[in-house]
Amino acid sequence: MKNSRMCKIISNHSIADNMYLMAIESSIADRARPGQFIHIKLPYDDSLLLRRPISINNVDLDKGVVYIAYQVVGKGTELLSSLESGDHLDILGPLGNGFSISSYVETVAIVGGGCGIAPLRYILDYWKDRSYTAFLGYRDGNSIYQLDDFEKESDNLYLTTDDGSKGEKGVITKVFEREVDMVRPQLIMACGPTPMLKQIQSIANERNIACQISLEERMGCGIGACMVCSCKVKMKDGFEYKKVCTDGPVFLSDEVILDENVQFSC
Ligand SMILES: Cc1cc2nc3c(=O)[nH]c(=O)nc-3n(C[C@H](O)[C@H](O)[C@H](O)COP(=O)(O)OP(=O)(O)OC[C@H]3O[C@@H](n4cnc5c(N)ncnc54)[C@H](O)[C@@H]3O)c2cc1C
Ligand code: FES
């Protein structure tokens, strides 16, 4: 059983429309891997009983600080956005498997959409010695966050917005499909809304490129006890259910079945 701990908020501020970045002082900083998440108990409001899962966005190992970047979508994240430096949060984590990169992999494509870009940020710092091409899709110019970080840490970057106010107009999957054969990544890492992940999955599977996708299923316990977060994974003779919180949230794109039961917040 994982223990929860009270951690101090160092800062919490808006970084784009509806998007916040929170720095939390925590001893988990040196254990957290890209793609893992923390499960947050919300303070002050007893009606918000369930913890909220938010991915590790980045880590400052020297300061022992974990960053989360989150979109305000409901009551829980609204409350989170109102917290201030000096407040404390009860967090459980780091939870989940996280992304992984085999030692032979040199070229990686990172594909993110909306708040699904947040869980991908720490990859660039954690595995510094890889060559990255980032494909980032945002709703519009005001929704863009952490673009500078991706520009600085990637060898190549493609940007789209739905309305064309920054970068190319349209969805990032279109650009990814157009460029992927030229970029020829050995590995794809993706996070975003279900329709986006489905397209990435089929692009990767058609070309036999290894691909890891991070799911954002609704969660209860976060530690494998309640089965609220199940998703389907292919087996030889059908499929079996896996838990997004403990078997994931990162799955191989050629094994996970993305269907309408998988929900996403962004
Ligand atoms: C492993 C994991 C990592 C995540 N990482 C991030 C992250 O880095 N940044 C970020 O902004 N969000 C992330 N999410 C989504 C985040 O957990 C939800 O947006 C949050 O719990 C919503 O809480 P709320 O009380 O504000 O919304 P609620 O009032 O509970 O719900 C508002 C809306 O959000 C949807 N929603 C609620 N919870 C989830 C959920 N877990 N997954 C998908 N949709 C949900 C609901 O269906 C509803 O439409 C992650 C989710 C998971 C499972
Ligand atoms: S959230 Fe309870 S088993 Fe995954």
Side-chain angles (χ1 to χ4, degrees), residues 33-37 53 55-56 95-124 126-127 130-137 150 154 156 158 160 171-219 229-266:
R33 289 168 58 86
Q36 286 191 301
F37 64 97
S55 301
I56 308 283
L95 300 179
N97 57 357
F99 292 103
S100 57
I101 303 188
S102 303
S103 53
Y104 68 87
V105 170
E106 291 170 1
T107 52
V108 181
I110 286 187
V111 194
C115 69
I117 291 166
L120 303 170
R121 167 66 189 89
Y122 189 33
I123 292 171
L124 304 171
Y126 193 82
W127 291 287
R130 304 308 205 276
S131 166
Y132 294 101
T133 303
F135 294 85
L136 308 180
F150 280 93
S154 310
N156 235 320
Y158 296 88
T160 61
V171 291
I172 198 62
T173 42
K174 276 247 164 75
V175 176
F176 182 62
E177 189 163 28
R178 188 186 71 207
E179 302 292 334
V180 66
D181 293 326
M182 229 173 61
V183 174
R184 299 177 64 84
Q186 290 167 289
L187 174 65
I188 300 165
M189 290 163 147
C191 187
T194 317
M196 179 195 127
L197 290 183
K198 277 187 162 178
Q199 284 175 41
I200 302 296
Q201 183 180 42
S202 82
I203 293 167
N205 292 355
E206 270 166 24
R207 291 165 176 79
N208 216 10
I209 306 173
C211 176
Q212 299 171 19
I213 54 182
S214 183
L215 306 190
E216 294 189 352
E217 181 56 273
R218 289 216 74 147
M219 285 190 182
C229 65
S230 57
C231 70
K232 291 179 191 164
V233 168
K234 282 181 210 156
M235 301 298 288
K236 264 196 190 128
D237 46 0
F239 66 87
E240 70 172 7
Y241 286 102
K242 295 259 184 182
K243 297 168 190 166
V244 174
C245 64
T246 48
D247 300 313
V250 179
F251 291 89
L252 300 178
S253 79
D254 57 2
E255 66 168 24
V256 71
I257 301 171
L258 293 174
D259 60 20
E260 62 283 354
N261 295 324
V262 180
Q263 302 172 9
F264 298 89
S265 61
C266 51

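This chain uses plain numbering: 1 for the first residue, then up along the sequence. The figures that follow rest on heavy atoms only: side chains count, while hydrogens, waters and symmetry mates do not.
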Checklist entry - When the ring planes of Phe135 and Phe176 are compared, do they come out parallel, tilted or perpendicular, using 30° and 60° as the limits? => result perpendicular
Checklist entry - Are the side chain of Gln186 and the backbone N or O of Thr107 linked by a donor-acceptor pair below 3.5 Å? => result yes
Could you give the side-chain donor-acceptor pairs of residues 95-104 under 3.5 Å, partners two or more places apart or in another chain?
unit_1	atom_1	unit_2	atom_2	d
Asn97	OD1	Val250	N	3.1
Asn97	ND2	Asp247	O	3.0
Asn97	ND2	Val250	O	2.8

Checklist entry - Ile172 and side-chain contact (heavy atoms from CB on, under 4.5 Å): which partner among Thr160, Leu136, Ile117? => result Thr160
Item to check | Enclosure of Lys234 NZ (heavy-atom neighbours >12, cutoff 6.0 Å) | outcome: yes
Checklist entry - What heavy-atom pair brings Gly35 and Pro249 nearest, and what distance separates the two atoms? => result O-CG, 3.4 Å
Item to check | Atom pair CG/CD1 of Asn156 and Ile110 - distance to nearest 0.5 Å | outcome: 12.5 Å
Checklist entry - Taking all non-hydrogen atoms of both residues, which atom of Tyr122 and which atom of Arg33 are closest, and how far apart? => result CD2-C, 4.1 Å
Item to check | Shortest non-hydrogen contact between Arg130 and Val108, atoms and distance | outcome: CB-CG2, 4.3 Å
Checklist outcome for this item: Applying side-chain contact (heavy atoms from CB on, under 4.5 Å) to Ala118 and not counting sequence neighbours gives Met19, Asn57, Ala69, Tyr145
Checklist entry - For Val256, does its backbone N or O pair with a side-chain atom of Gln201 as donor and acceptor, under 3.5 Å? => result yes
Next on the checklist: Main chain of Asp181, side chain of Arg207: is a donor-acceptor contact present, judged purely on distance under 3.5 Å?
Outcome noted: no
Checklist entry - Which distance, rounded to the nearest 0.5 Å, do you find between the CG of Leu258 and the SG of Cys231? => result 8.5 Å
Checklist entry - Cys211 pairs by side-chain contact (heavy atoms from CB on, under 4.5 Å) with which of Asn205, Ile200, Ile203? => result Ile200
